[in-house]
Amino acid sequence: MKVVTFEATPNIAVVKYWGKRNTQLILPTNSSISMTLDSLKTRTSVAFDETFEKDELYLNGENVDLEKNSEAKERLKQLDAIRAKAGINKKAKIVSINCFPTAAGFASSASGLAALACAASKAAGLKLDSQELSILARLGSGSASRSVLGGFVEWMKGEKEDGSDSYAVQLADENYWKEMRVISVVVSQGAKSISSRTGMQQTLETSELFKKRLAYLPAAIDSMVEAIKEKNFELFAEITMKDSDNMHACMADTKPPIIYMNETSKKIIDVVKELNAASTIAAYTFDAGPNAHIYCLEPHINKVIEALEKLPQVEQIILSKAGSGPVEISDEKEHLLDPVTGEIRKHFFDKGKNKIIVG
Ligand code: DP6
(Lines give C-alpha, C1' and ligand atoms only; values in the text may rest on other atoms or scores of the structure.)
Protein backbone atom coordinates (compact mmCIF):
# COMPACT_ATOMS: atom_id res chain seq x y z
CA MET A 1 0.00 0.00 0.00
CA LYS A 2 1.15 3.51 -0.72
CA VAL A 3 2.10 5.42 2.45
CA VAL A 4 3.03 9.10 2.24
CA THR A 5 4.67 10.94 5.14
CA PHE A 6 5.18 14.65 5.69
CA GLU A 7 6.51 16.79 8.52
CA ALA A 8 5.17 20.28 9.09
CA THR A 9 5.66 22.96 11.73
CA PRO A 10 3.51 25.59 13.45
CA ASN A 11 3.49 29.27 12.58
CA ILE A 12 3.30 32.26 14.90
CA ALA A 13 1.12 35.10 13.65
CA VAL A 14 2.28 38.70 13.88
CA VAL A 15 -1.02 40.02 12.53
CA LYS A 16 -3.59 37.66 13.97
CA TYR A 17 -6.56 35.72 12.66
CA TRP A 18 -9.47 35.96 15.12
CA GLY A 19 -12.95 35.68 13.59
CA LYS A 20 -14.63 33.79 10.75
CA ARG A 21 -17.07 35.17 8.20
CA ASN A 22 -17.94 31.56 7.27
CA THR A 23 -17.58 28.88 9.95
CA GLN A 24 -18.16 25.94 7.61
CA LEU A 25 -15.48 26.80 5.06
CA ILE A 26 -13.30 28.57 7.66
CA LEU A 27 -13.18 31.91 5.86
CA PRO A 28 -11.64 34.64 8.02
CA THR A 29 -12.86 38.17 8.67
CA ASN A 30 -9.36 39.50 7.94
CA SER A 31 -6.04 38.62 6.35
CA SER A 32 -3.22 37.56 8.69
CA ILE A 33 0.58 37.27 8.57
CA SER A 34 2.85 34.76 10.32
CA MET A 35 6.29 33.17 10.29
CA THR A 36 6.52 29.40 9.95
CA LEU A 37 8.88 27.89 12.53
CA ASP A 38 11.65 25.35 11.95
CA SER A 39 10.95 23.47 15.20
CA LEU A 40 8.01 21.75 16.95
CA LYS A 41 7.46 19.36 14.05
CA THR A 42 4.43 17.16 13.53
CA ARG A 43 4.97 14.02 11.43
CA THR A 44 1.95 12.55 9.67
CA SER A 45 1.68 9.35 7.57
CA VAL A 46 -1.38 8.65 5.42
CA ALA A 47 -2.59 5.71 3.32
CA PHE A 48 -5.83 5.21 1.39
CA ASP A 49 -6.80 1.57 0.86
CA GLU A 50 -9.87 -0.39 -0.20
CA THR A 51 -9.40 -2.75 2.75
CA PHE A 52 -9.98 0.10 5.25
CA GLU A 53 -13.61 0.11 6.38
CA LYS A 54 -13.64 3.61 7.82
CA ASP A 55 -11.36 6.61 8.24
CA GLU A 56 -9.07 6.07 11.20
CA LEU A 57 -6.96 8.59 13.09
CA TYR A 58 -4.14 7.89 15.55
CA LEU A 59 -2.71 10.90 17.40
CA ASN A 60 0.49 10.39 19.39
CA GLY A 61 -0.20 6.65 19.48
CA GLU A 62 -3.83 6.92 20.66
CA ASN A 63 -6.79 6.00 18.48
CA VAL A 64 -9.26 8.89 18.16
CA ASP A 65 -12.83 7.60 17.86
CA LEU A 66 -14.19 9.69 14.99
CA GLU A 67 -17.76 8.56 15.67
CA LYS A 68 -17.67 10.01 19.18
CA ASN A 69 -15.28 12.92 18.64
CA SER A 70 -17.18 15.28 16.34
CA GLU A 71 -14.54 18.01 16.60
CA ALA A 72 -11.81 15.67 15.30
CA LYS A 73 -14.14 14.50 12.50
CA GLU A 74 -14.89 18.11 11.58
CA ARG A 75 -11.16 18.87 11.39
CA LEU A 76 -10.69 16.00 8.92
CA LYS A 77 -13.12 17.57 6.41
CA GLN A 78 -10.31 17.91 3.92
CA LEU A 79 -10.31 14.10 3.42
CA ASP A 80 -13.65 14.28 1.59
CA ALA A 81 -12.42 17.22 -0.48
CA ILE A 82 -9.30 15.20 -1.41
CA ARG A 83 -11.35 12.10 -2.29
CA ALA A 84 -13.66 14.20 -4.48
CA LYS A 85 -10.72 15.82 -6.30
CA ALA A 86 -8.97 12.45 -6.80
CA GLY A 87 -12.17 10.60 -7.75
CA ILE A 88 -11.67 7.86 -5.15
CA ASN A 89 -13.81 6.63 -2.28
CA LYS A 90 -11.24 4.61 -0.32
CA LYS A 91 -11.00 5.24 3.39
CA ALA A 92 -7.86 6.65 4.99
CA LYS A 93 -5.60 5.70 7.86
CA ILE A 94 -3.83 8.70 9.40
CA VAL A 95 -1.07 8.40 11.96
CA SER A 96 0.34 11.59 13.45
CA ILE A 97 2.94 12.31 16.10
CA ASN A 98 4.21 15.53 17.62
CA CYS A 99 8.00 15.37 17.61
CA PHE A 100 8.28 17.49 20.75
CA PRO A 101 7.32 16.94 24.36
CA THR A 102 3.51 16.97 24.36
CA ALA A 103 3.72 18.69 27.73
CA ALA A 104 5.14 21.77 26.00
CA GLY A 105 1.65 23.20 25.86
CA PHE A 106 1.66 24.07 22.17
CA ALA A 107 -1.29 23.59 19.91
CA SER A 108 -0.38 21.30 17.05
CA SER A 109 -3.44 21.82 14.86
CA ALA A 110 -1.65 24.11 12.37
CA SER A 111 1.31 21.77 11.85
CA GLY A 112 -0.88 18.64 11.97
CA LEU A 113 -3.43 19.79 9.43
CA ALA A 114 -0.80 21.21 7.07
CA ALA A 115 1.10 17.89 7.20
CA LEU A 116 -2.20 16.07 6.57
CA ALA A 117 -3.04 18.19 3.51
CA CYS A 118 0.37 17.43 1.97
CA ALA A 119 0.45 13.71 2.86
CA ALA A 120 -3.20 12.86 2.14
CA SER A 121 -3.36 14.66 -1.20
CA LYS A 122 -0.19 12.92 -2.39
CA ALA A 123 -1.35 9.53 -1.05
CA ALA A 124 -4.57 10.03 -3.06
CA GLY A 125 -2.48 10.51 -6.19
CA LEU A 126 -2.94 14.29 -6.45
CA LYS A 127 -0.20 16.76 -7.29
CA LEU A 128 -1.28 20.06 -5.77
CA ASP A 129 0.30 23.50 -5.60
CA SER A 130 0.66 25.48 -2.37
CA GLN A 131 -2.56 27.39 -3.06
CA GLU A 132 -4.64 24.20 -3.23
CA LEU A 133 -2.83 22.71 -0.22
CA SER A 134 -3.48 25.87 1.78
CA ILE A 135 -7.21 25.70 0.99
CA LEU A 136 -7.34 22.03 2.08
CA ALA A 137 -5.45 22.71 5.33
CA ARG A 138 -7.74 25.71 5.98
CA LEU A 139 -10.81 23.42 6.02
CA GLY A 140 -9.42 21.79 9.19
CA SER A 141 -8.08 24.87 10.95
CA GLY A 142 -7.64 28.45 9.77
CA SER A 143 -4.09 28.90 11.02
CA ALA A 144 -3.06 25.64 9.26
CA SER A 145 -3.56 27.38 5.91
CA ARG A 146 -0.36 29.34 6.67
CA SER A 147 1.78 26.31 7.65
CA VAL A 148 1.85 24.84 4.12
CA LEU A 149 4.49 27.45 3.27
CA GLY A 150 7.81 28.38 4.87
CA GLY A 151 9.23 31.78 5.82
CA PHE A 152 6.87 34.75 6.14
CA VAL A 153 3.36 34.01 4.94
CA GLU A 154 0.17 35.98 4.38
CA TRP A 155 -3.22 34.25 4.49
CA MET A 156 -5.33 36.40 2.20
CA LYS A 157 -8.86 36.55 3.47
CA GLY A 158 -10.38 36.48 0.00
CA GLU A 159 -13.80 37.77 -1.03
CA LYS A 160 -15.53 34.82 -2.68
CA GLU A 161 -18.26 32.85 -0.94
CA ASP A 162 -16.79 29.49 -2.00
CA GLY A 163 -13.41 30.27 -0.38
CA SER A 164 -11.44 29.71 -3.59
CA ASP A 165 -9.51 32.96 -3.07
CA SER A 166 -8.82 32.46 0.67
CA TYR A 167 -5.37 30.91 0.86
CA ALA A 168 -1.81 31.63 1.95
CA VAL A 169 0.97 33.14 -0.14
CA GLN A 170 4.65 33.41 0.73
CA LEU A 171 5.91 36.96 1.38
CA ALA A 172 9.57 35.92 1.87
CA ASP A 173 11.24 32.54 2.19
CA GLU A 174 13.03 31.18 5.27
CA ASN A 175 16.41 32.55 4.13
CA TYR A 176 15.26 36.12 3.58
CA TRP A 177 15.48 37.54 7.12
CA LYS A 178 18.02 35.05 8.45
CA GLU A 179 18.56 36.69 11.85
CA MET A 180 14.90 36.44 12.87
CA ARG A 181 14.21 34.15 15.85
CA VAL A 182 11.20 33.21 17.94
CA ILE A 183 11.66 32.43 21.62
CA SER A 184 8.62 30.44 22.77
CA VAL A 185 8.08 30.69 26.51
CA VAL A 186 6.02 27.94 28.14
CA VAL A 187 4.34 29.22 31.28
CA SER A 188 1.41 26.86 31.57
CA GLN A 189 0.46 23.46 30.29
CA GLY A 190 -3.13 23.58 31.46
CA ALA A 191 -6.07 23.17 29.08
CA LYS A 192 -7.63 26.34 27.65
CA SER A 193 -10.67 27.75 29.36
CA ILE A 194 -12.36 28.20 25.98
CA SER A 195 -11.26 26.93 22.56
CA SER A 196 -10.15 29.49 20.01
CA ARG A 197 -12.86 28.19 17.67
CA THR A 198 -15.65 29.04 20.13
CA GLY A 199 -13.94 32.13 21.53
CA MET A 200 -13.39 33.88 18.21
CA GLN A 201 -17.07 33.58 17.23
CA GLN A 202 -18.17 34.98 20.59
CA THR A 203 -15.85 37.95 20.04
CA LEU A 204 -17.26 38.52 16.56
CA GLU A 205 -20.83 38.42 17.87
CA THR A 206 -20.48 40.48 21.05
CA SER A 207 -17.43 42.78 21.00
CA GLU A 208 -17.83 46.45 20.01
CA LEU A 209 -14.05 46.81 19.93
CA PHE A 210 -13.81 44.05 17.33
CA LYS A 211 -15.45 46.36 14.75
CA LYS A 212 -12.61 48.83 15.30
CA ARG A 213 -10.12 45.98 15.00
CA LEU A 214 -11.48 45.06 11.57
CA ALA A 215 -11.18 48.68 10.46
CA TYR A 216 -7.54 49.02 11.56
CA LEU A 217 -6.31 45.66 10.20
CA PRO A 218 -5.84 46.41 6.46
CA ALA A 219 -3.32 49.18 7.30
CA ALA A 220 -1.58 46.87 9.81
CA ILE A 221 -1.23 44.21 7.10
CA ASP A 222 0.26 46.76 4.65
CA SER A 223 2.73 48.05 7.26
CA MET A 224 3.76 44.52 8.22
CA VAL A 225 4.42 43.61 4.59
CA GLU A 226 6.56 46.76 4.37
CA ALA A 227 8.43 45.95 7.64
CA ILE A 228 9.29 42.45 6.36
CA LYS A 229 10.30 43.75 2.95
CA GLU A 230 12.63 46.34 4.49
CA LYS A 231 13.74 44.06 7.37
CA ASN A 232 12.74 46.89 9.67
CA PHE A 233 12.67 45.22 13.10
CA GLU A 234 11.44 48.27 14.96
CA LEU A 235 8.34 48.55 12.77
CA PHE A 236 7.89 44.76 12.78
CA ALA A 237 7.98 44.73 16.60
CA GLU A 238 5.63 47.69 16.95
CA ILE A 239 2.93 46.10 14.77
CA THR A 240 3.39 42.63 16.29
CA MET A 241 2.90 43.83 19.89
CA LYS A 242 0.11 46.22 18.96
CA ASP A 243 -1.80 43.48 17.15
CA SER A 244 -1.42 40.98 19.99
CA ASP A 245 -2.59 43.64 22.47
CA ASN A 246 -5.48 44.55 20.20
CA MET A 247 -6.66 40.94 19.77
CA HIS A 248 -6.47 40.32 23.53
CA ALA A 249 -8.35 43.57 24.18
CA CYS A 250 -11.14 42.31 21.87
CA MET A 251 -11.13 38.99 23.75
CA ALA A 252 -11.51 40.88 27.03
CA ASP A 253 -14.33 42.96 25.46
CA THR A 254 -16.23 39.76 24.57
CA LYS A 255 -19.36 38.92 26.56
CA PRO A 256 -18.60 37.04 28.77
CA PRO A 257 -14.93 38.17 28.73
CA ILE A 258 -12.26 35.79 27.46
CA ILE A 259 -8.92 36.03 29.27
CA TYR A 260 -6.15 33.75 28.03
CA MET A 261 -3.15 35.52 29.55
CA ASN A 262 -2.14 34.93 33.16
CA GLU A 263 0.06 36.79 35.68
CA THR A 264 3.25 35.35 34.18
CA SER A 265 2.19 36.48 30.70
CA LYS A 266 1.89 40.02 32.08
CA LYS A 267 5.32 39.74 33.71
CA ILE A 268 6.76 38.71 30.33
CA ILE A 269 5.28 41.86 28.79
CA ASP A 270 7.06 43.88 31.50
CA VAL A 271 10.35 42.09 30.80
CA VAL A 272 10.03 42.95 27.08
CA LYS A 273 9.18 46.58 27.90
CA GLU A 274 12.35 46.80 30.00
CA LEU A 275 14.47 45.16 27.31
CA ASN A 276 13.14 47.72 24.83
CA ALA A 277 13.77 50.76 27.06
CA ALA A 278 16.75 52.06 25.07
CA SER A 279 15.90 50.60 21.67
CA THR A 280 13.47 47.94 20.42
CA ILE A 281 15.08 44.48 20.47
CA ALA A 282 12.13 42.16 21.25
CA ALA A 283 8.44 41.80 20.40
CA TYR A 284 5.96 39.68 22.36
CA THR A 285 2.89 38.03 20.93
CA PHE A 286 0.27 35.76 22.56
CA ASP A 287 -2.24 33.41 20.93
CA ALA A 288 -5.21 31.79 22.64
CA GLY A 289 -3.25 30.91 25.78
CA PRO A 290 -0.78 32.28 28.33
CA ASN A 291 2.42 31.12 26.58
CA ALA A 292 4.44 33.92 24.98
CA HIS A 293 6.31 34.00 21.70
CA ILE A 294 9.05 36.60 21.56
CA TYR A 295 10.39 37.66 18.18
CA CYS A 296 13.95 39.01 18.26
CA LEU A 297 17.05 39.16 16.08
CA GLU A 298 19.94 36.73 16.55
CA PRO A 299 22.42 39.17 18.19
CA HIS A 300 19.97 39.79 21.07
CA ILE A 301 18.92 36.20 21.82
CA ASN A 302 21.12 35.68 24.89
CA LYS A 303 20.09 38.96 26.47
CA VAL A 304 16.39 38.22 25.95
CA ILE A 305 16.61 34.61 27.18
CA GLU A 306 18.60 35.64 30.28
CA ALA A 307 15.92 38.17 31.19
CA LEU A 308 13.11 35.63 30.68
CA GLU A 309 14.88 32.93 32.67
CA LYS A 310 14.78 35.17 35.73
CA LEU A 311 11.02 34.63 35.94
CA PRO A 312 10.56 31.57 38.20
CA GLN A 313 7.23 30.63 36.58
CA VAL A 314 8.82 30.02 33.18
CA GLU A 315 8.73 26.25 32.58
CA GLN A 316 10.44 25.87 29.24
CA ILE A 317 12.02 27.99 26.50
CA ILE A 318 12.11 26.83 22.87
CA LEU A 319 14.16 28.67 20.27
CA SER A 320 13.12 28.63 16.60
CA LYS A 321 14.18 30.16 13.30
CA ALA A 322 12.08 30.51 10.16
CA GLY A 323 11.31 27.07 8.73
CA SER A 324 10.99 25.85 5.17
CA GLY A 325 7.39 24.59 5.39
CA PRO A 326 6.30 20.94 5.01
CA VAL A 327 8.91 18.37 4.01
CA GLU A 328 8.25 14.90 2.64
CA ILE A 329 9.91 12.06 4.54
CA SER A 330 10.55 9.46 1.87
CA ASP A 331 12.78 7.05 3.83
CA GLU A 332 10.51 4.00 4.07
CA LYS A 333 11.72 3.21 7.61
CA GLU A 334 10.51 6.59 8.84
CA HIS A 335 6.83 6.10 7.92
CA LEU A 336 4.54 5.80 10.95
CA LEU A 337 2.48 3.20 9.02
CA ASP A 338 3.90 -0.05 7.68
CA PRO A 339 3.39 -0.03 3.88
CA VAL A 340 3.20 -3.83 3.80
CA THR A 341 0.79 -4.58 6.65
CA GLY A 342 -0.96 -1.19 6.94
CA GLU A 343 -0.34 -1.40 10.69
CA ILE A 344 0.88 1.41 12.92
CA ARG A 345 4.57 1.19 13.72
CA LYS A 346 4.28 1.06 17.47
CA HIS A 347 7.96 1.62 18.20
CA PHE A 348 7.57 5.29 17.27
CA PHE A 349 5.16 5.72 20.15
CA ASP A 350 6.80 3.64 22.88
CA LYS A 351 7.36 5.94 25.82
CA GLY A 352 11.02 6.83 26.29
CA LYS A 353 11.98 5.19 23.00
CA ASN A 354 10.59 7.83 20.68
CA LYS A 355 13.03 7.88 17.80
CA ILE A 356 11.88 11.23 16.55
CA ILE A 357 13.93 13.98 18.08
CA VAL A 358 12.80 17.48 18.99
CA GLY A 359 13.95 20.17 16.60
C1 DP6 B 1 -5.15 32.96 18.13
O2 DP6 B 1 -6.59 28.20 13.58
O3 DP6 B 1 -6.78 27.44 15.98
O4 DP6 B 1 -3.69 31.44 17.03
O5 DP6 B 1 -9.71 27.99 12.48
O6 DP6 B 1 -11.09 27.58 14.50
O7 DP6 B 1 -9.21 26.02 13.93
P8 DP6 B 1 -9.74 27.45 13.87
O9 DP6 B 1 -8.80 28.33 14.79
P10 DP6 B 1 -7.22 28.36 14.90
O11 DP6 B 1 -7.05 29.87 15.41
C12 DP6 B 1 -5.92 30.32 16.03
C13 DP6 B 1 -5.90 31.80 16.05
C14 DP6 B 1 -4.70 32.39 16.78
C15 DP6 B 1 -4.13 33.54 15.96
C16 DP6 B 1 -3.43 33.16 14.68
O17 DP6 B 1 -2.74 32.12 14.65
O18 DP6 B 1 -3.54 33.92 13.71
Side-chain angles (χ1 to χ4, degrees), residues 8-37 40 42 69-78 105-117 134-149 152-158 163 166-168 171 182 184 191-205 207 210 213-214 217 220-221 224 239-252 254 258-261 265 284-293 295 320:
T9 50
N11 61 79
I12 303 300
V14 288
V15 178
K16 306 284 191 190
Y17 147 59
W18 192 255
K20 297 178 181 68
R21 63 176 205 275
N22 179 323
T23 53
Q24 284 306 305
L25 293 173
I26 311 208
L27 301 179
T29 48
N30 58 274
S31 298
S32 53
I33 296 180
S34 59
M35 188 179 91
T36 299
L37 306 185
L40 301 168
T42 299
N69 189 330
S70 56
E71 196 199 313
K73 197 169 177 180
E74 175 88 5
R75 288 192 181 271
L76 294 182
K77 250 190 211 163
Q78 53 166 299
F106 287 99
S108 54
S109 63
S111 49
L113 289 154
L116 178 64
S134 177
I135 289 174
L136 287 173
R138 192 200 74 213
L139 295 174
S141 187
S143 54
S145 68
R146 300 185 305 239
S147 270
V148 303
L149 287 160
F152 288 95
V153 174
E154 177 176 352
W155 172 18
M156 298 183 307
K157 75 181 185 78
S166 182
Y167 53 82
L171 296 173
V182 177
S184 298
K192 286 181 198 177
S193 50
I194 179 169
S195 73
S196 35
R197 186 154 290 191
T198 308
M200 67 172 78
Q201 284 323 99
Q202 289 183 0
T203 301
L204 184 113
E205 283 157 23
S207 167
F210 186 69
R213 171 169 175 75
L214 290 183
L217 277 165
I221 290 278
M224 184 52 88
I239 305 163
T240 298
M241 292 189 281
K242 184 176 170 186
D243 193 63
S244 173
D245 293 343
N246 184 286
M247 179 179 75
H248 285 272
C250 292
M251 290 163 168
T254 301
I258 304 169
I259 314 284
Y260 288 116
M261 285 199 254
S265 318
Y284 59 78
T285 183
F286 295 84
D287 287 326
N291 296 331
H293 301 278
Y295 276 94
S320 309

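Indexing begins at 1, ligand by ligand and atom by atom, following the structure's order. Computed from a prediction, not measured in an experiment: that's the story for all the values here.
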Are the side chains of [X] and [Y] in touch, meaning some heavy atoms are under 4.5 Å apart?
X      : Y      : answer
Thr285 : Asp243 : no
Leu113 : Thr42  : no
Phe286 : Asn291 : no
Arg138 : Leu27  : yes
Gln78  : Leu116 : yes
Glu205 : Thr254 : no

(message) Checking Trp155 now: which residues fulfil ring-ring contact (aromatic ring centres under 6.0 Å, His included) with it, not counting sequence neighbours?
(response) Tyr17
So which protein heavy atom does [atom] come closest to, and at what separation?
atom                    : result
atom 9 (O) of ligand 1  : Met200 CE, 3.6 Å
atom 18 (O) of ligand 1 : Tyr17 N, 2.9 Å
atom 17 (O) of ligand 1 : Arg146 NH2, 2.7 Å
atom 6 (O) of ligand 1  : Lys20 NZ, 2.7 Å
atom 7 (O) of ligand 1  : Ser141 OG, 2.7 Å

(message) Once rounded to the nearest 0.5 Å, what's the spacing between atom CD1 of Ile221 and atom CD of Glu154?
(response) 5.0 Å
(message) Working to the nearest 0.5 angstrom, can you tell me the gap between Gln202 CD and Ile194 CD1?
(response)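 So the CD of Gln202 and the CD1 of Ile194 are separated by 4.0 Å.
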Any nitrogen or oxygen of [X] lying under 3.5 Å from a nitrogen or oxygen in ligand 1? Just yes or no.
X      : value
Arg75  : yes
Gly142 : yes
Lys16  : no

For [X], counting its heavy atoms only, list the atoms of ligand 1 lying under 4.0 Å from any of them.
X      : answer
Ala13  : 16 (C), 17 (O), 18 (O)
Asp287 : 1 (C), 4 (O), 14 (C), 15 (C)
Trp18  : 1 (C)
Ile26  : 5 (O)

(message) Counting only heavy atoms, tell me which of Met251, Met247, Arg197 gets closest to atom 8 (P) of ligand 1.
(response)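 Comparing heavy atoms across Met251, Met247, Arg197, the nearest one to atom 8 (P) of ligand 1 lies in Arg197.
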(message) Against ligand 1, does Ser196 come closer than 4.0 Å with any heavy atom?
(response) yes
(message) Under 4.0 Å, counting heavy atoms only: does Arg138 come that close to any atom of ligand 1?
(response)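 No, Arg138 has no heavy atoms under 4.0 Å from ligand 1.
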(message) Please work out, at 4.0 Å between heavy atoms, whether the side chain, the backbone, both, or neither of Ile12 comes within that distance of ligand 1.
(response)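 Ile12 to ligand 1: no contact under 4.0 Å from either part.
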(message) Heavy atoms only, cut-off 4.0 Å: how does Ser143 contact ligand 1, side chain, backbone, both, or neither?
(response)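 It is both parts that get close, each with some atom under 4.0 Å.
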Distance-only donor-acceptor pairs under 3.5 Å for side chains of residues 139-149, two or more places apart:
residue : atom : partner : partner atom : Å
Ser141  : OG   : Arg75   : NH1          : 3.4
Ser145  : OG   : Gly142  : O            : 2.8
Arg146  : NE   : Asn11   : OD1          : 3.0
Arg146  : NE   : Ser34   : OG           : 3.0
Arg146  : NH1  : Ser32   : OG           : 2.8
Arg146  : NH2  : Asn11   : OD1          : 2.8
Ser147  : OG   : Thr9    : O            : 2.7
Ser147  : OG   : Asn11   : ND2          : 2.9

(message) Using only atom types and a distance under 3.5 Å, with no angle test, would you say the side chain of Asn22 pairs donor to acceptor with the backbone of Gln24?
(response) yes
